[in-house]
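Notes follow once the structure below has been shown.
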Protein chains: 2
Amino acid sequence: MAVSVPKQAESETTTDRRPSLHERILKDVEGRILSGEWPPGHRIPFEHELTLQYGCSRMTVNKALTDLVKRGLIERRRKSGSYVMYPHTRSAVLEIRDIKSEVEALGLDYGYECLMRTQRKATVSDRLILELRSTDEVLAILARHSAGGQPFCLEERLINLSAVPEAAAESFATSAPGPWLIGRVPWSAAEHKIRAVVADKHTAGLLGLGLGAACLIIERRTRNNGRYVTHVKLTYSGDRHELVAEFAPTRS
Amino acid sequence: MAVSVPKQAESETTTDRRPSLHERILKDVEGRILSGEWPPGHRIPFEHELTLQYGCSRMTVNKALTDLVKRGLIERRRKSGSYVMYPHTRSAVLEIRDIKSEVEALGLDYGYECLMRTQRKATVSDRLILELRSTDEVLAILARHSAGGQPFCLEERLINLSAVPEAAAESFATSAPGPWLIGRVPWSAAEHKIRAVVADKHTAGLLGLGLGAACLIIERRTRNNGRYVTHVKLTYSGDRHELVAEFAPTRS
DNA sequence: CAGTGGTCTAGACCACAGT
DNA sequence: CTGTGGTCTAGACCACTGC
């Protein structure tokens, strides 16, 4: 019969045990890396050494170090040890939010209106964008989001009706397709393209901009189960809107 | 004395054991979620049930499910169970690459030239941007990156010399400060702002653009050890450059 | 060959939230 | 009170790799 083992083996800093042990180990090592004490290329202690330092089992140490690998801070090689990674590619987490919450976060009233809604057989352009067969049908929507009574963002959306047939029954007259799709369709991957353009006459008119104004364009194509579900092109007034991205030391 | 336990307890799909067991469990559950078989709100099997299904210990199941929590796919509540998350905020991983590799990835020759380099006591503007004291010194650099002989991107950089005193000895005449900093200064966090503007006369001249061209601006402020290390403003020609972001189901 | 990490086990105790 | 997840242990076997 197995013996009940005392929980804490104690090293020295025995106070606050709110954070779990593997979390504390992770933070300790992370701290030494970020402070520069352990520079890129430095070999961090072996698992069995940390095991002794923290008075815990190898699984616990392993969990912390495995997490650090996922965060891209260290790299581990068998027989050799664990090394602080050289920062090579940096990634930023760009949070693509729901437009309504985006507007409300600015403390403004949100408005939505559907300017156009067409159901059609996929055109050549549609087929290129969503990788469709010519027999597929799509729903094309042009809508405008507003903030505080002013035009905020133009949405040009294409929905693959073969992937989301229920969308055909929705009018999207008073609520945007984005949130509807999010609540209904499981997502697995998406690609984003971000670029700047000068507003053309049509866009400028719909967004209430002067001719020649700069616009920020975000295009997103969402994939699930091996096919593209939807494509959306969002056009923002360039000087009224700013994308903010937080940094993340993600693995790459 | 502990008994050596047979490694595999086998359920049914016993073939390929290249992927580890916890990885297989993770993929299985992930697959059911992404396929829509387990929709948002669905309660996935308890750990002890999966333990039986896969014929493994609870730790192995727990590892898989803990990973799914970190990926934002499920949520776990004690006494209640584990539930498929409703997708609320979606995040995209925006990869901010080194400009040189960016250019070379396009198959073009990369060029760099330093247009201005000033070392000075922090101005009011500098102090606001990097949160400095008035006694701090900064290095200000204006540089141009080119691709295939054409101007590609303008870099306006500010380096906090209190954080990186070694930078004062660098001329940055023939190599960009970005890669130099990356190899030298540990990073912990950064903020990005992305927006579109119309090129002013000066910028248009330096980038070889027509008046009124749209530009994509990326500003990045890098933090380490509680202070800002550097700030950089990159100005790209809007229609020649496109930011690409991959999707990531990161926790939020 | 020997040492490292990768993975797994069969238990255990605890915190917490429903009932 | 009971059942769930959160964490941890003291082992174990294996794959890989540098010597």
Side-chain angles (χ1 to χ4, degrees), chain A residues 1-11 14 16-29 42-71 73-85 251, chain B residues 1-11 14 16-29 42-71 73-85 251:
Chain A
M1 190 179 182
V3 184
S4 173
V5 182
K7 177 66 169 311
Q8 292 284 108
E10 318 299 295
S11 49
T14 316
D16 71 323
R17 63 193 55 169
R18 239 146 15 289
S20 56
L21 187 46
H22 68 258
E23 201 169 343
R24 206 163 71 80
I25 299 175
L26 190 150
K27 289 294 173 199
D28 280 2
V29 175
H42 178 88
R43 210 213 74 228
I44 76 172
F46 297 126
E47 290 192 353
H48 83 264
E49 293 179 304
L50 291 171
T51 273
L52 296 177
Q53 281 180 40
Y54 288 93
C56 66
S57 81
R58 190 161 81 90
M59 272 296 295
T60 305
V61 168
N62 185 278
K63 179 161 190 165
L65 298 190
T66 300
D67 274 14
L68 284 170
V69 169
K70 281 190 229 158
R71 298 195 192 188
L73 282 177
I74 67 171
E75 178 192 14
R76 318 191 70 192
R77 286 194 295 275
R78 286 173 162 135
K79 166 72 184 181
S80 176
S82 305
Y83 299 85
V84 178
M85 287 269 279
R251 79 235 163 244
Chain B
M1 189 181 180
V3 184
S4 173
V5 182
K7 178 65 169 309
Q8 294 283 106
E10 318 299 300
S11 50
T14 316
D16 71 322
R17 64 194 53 169
R18 238 144 20 288
S20 56
L21 187 45
H22 68 258
E23 201 169 341
R24 207 163 69 81
I25 299 175
L26 190 149
K27 289 295 174 199
D28 279 3
V29 175
H42 178 88
R43 209 213 74 229
I44 75 173
F46 298 125
E47 289 192 352
H48 83 265
E49 293 179 306
L50 291 172
T51 272
L52 296 178
Q53 280 180 40
Y54 289 93
C56 65
S57 80
R58 191 161 79 89
M59 272 295 297
T60 306
V61 168
N62 185 277
K63 180 161 192 167
L65 298 190
T66 299
D67 274 15
L68 284 170
V69 168
K70 280 190 227 153
R71 299 196 191 186
L73 282 179
I74 69 172
E75 178 193 13
R76 318 193 71 193
R77 287 193 295 275
R78 285 173 162 132
K79 169 70 183 179
S80 176
S82 306
Y83 299 84
V84 177
M85 287 269 279
R251 79 235 161 241

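Protein chains get the first letters and strands the later ones, always in sequence-line order, with residue 1 at the start of each.
Side-chain contact between R76(A) and N62(A): present, with at least one pair of heavy atoms (C-beta onward) separated by less than 4.5 Å. Proximity of Q53(B) to P45(B): side-chain heavy atoms (C-beta onward) are separated by under 4.5 Å at one or more points. In this structure, the side chains of C56(B) and I25(B) come closer than 4.5 Å at one or more pairs of heavy atoms. Side-chain contact check for V29(B) versus L73(B): every heavy-atom pair is 4.5 Å or farther apart.
Contact between the side-chain N/O atoms of H48(B) and the OP1/OP2 oxygens of dG3(D) is not found at any separation under 4.0 Å. The phosphate of dT9(D) (OP1 or OP2) has a side-chain N or O of T60(A) nearer than 4.0 angstrom. When the side-chain nitrogen and oxygen atoms of S57(A) are compared with OP1 and OP2 of dG11(D), none of them lie within a distance under 4.0 Å. Not one side-chain nitrogen or oxygen of R76(A) sits closer than 4.0 Å to the OP1 or OP2 atom of dT4(C).
If you check dC8(C), dC8(D), dT4(C) against the side chain of M59(B), the one that comes closest is dC8(D). In this structure, the nucleotide among dT9(C), dG6(D), dC8(D) sitting nearest to the side chain of R58(B) is dG6(D). Nearest to the side-chain atoms of S20(A) among the listed nucleotides dG6(C), dC8(C), dC8(D) stands dC8(D). The side chain of R78(A) lies closest to dC16(D), out of dC16(D), dT2(D), dG6(D). Proximity note for K79(A) (side chain, C-beta onward) versus dT9(C), dG3(C), dG5(D): the nearest is dG3(C). For N62(A), whose side chain is taken as the heavy atoms from C-beta onward, the closest listed nucleotide among dT7(C), dC8(D), dA10(C) is dT7(C).
Within 3.5 Å, no donor on the side chain of R43(B) pairs with an acceptor on the base of dT4(D), nor the reverse. With hydrogens and angles left out, the side chain of R77(B) and the base of dG18(C) share no donor-acceptor pair within 3.5 Å.
Exactly one of K63(B), M59(B), K27(B) qualifies for a side-chain contact (heavy atoms from CB on, under 4.5 Å) with H22(B). That residue is K63(B).
Atom-to-atom, CG of L21(B) to P of dG6(C) comes out at 17 Å; the value is rounded to the nearest Å. Rounded to an integer number of Å, the gap from CG of L50(B) to P of dT4(D) is 12 Å. Rounded to an integer number of Å, the gap from CD of E47(A) to P of dG11(D) is 17 Å. Separating the CG atom of D67(A) from the C1' atom of dT7(C) is a distance of 15 Å, rounded to the nearest angstrom. Here the C1' atom of nucleotide dT9(D) and the CD1 atom of I25(A) are 13 Å apart, to the nearest Å. What separates CD of E75(A) from P of dT4(C) is a distance of 17 Å, to the nearest Å. Atom OH of Y54(B) and atom P of dT9(C) are 13 Å apart (whole Å). Per the geometry, CG belonging to L52(A) stands 15 Å off C1' belonging to dT4(C), to the nearest Å.
Base pairing analysis places dT7(C) opposite dA12(D); the two distances defining the Watson-Crick or G-U wobble pair are each below 3.5 Å.
The CD1 atom of I74(A) sits 11.5 Å away from atom NE2 of H42(A), with the distance rounded to the nearest 0.5 Å.
Comparing V61(B) and S80(A) by the nucleotide of DNA chain C that holds the closest heavy atom to each, the one mapping nearer the 5' end is S80(A).
Residue-level contact check: T66(A) touches neither bases nor backbone, having no heavy atom under 4.0 Å from any strand.
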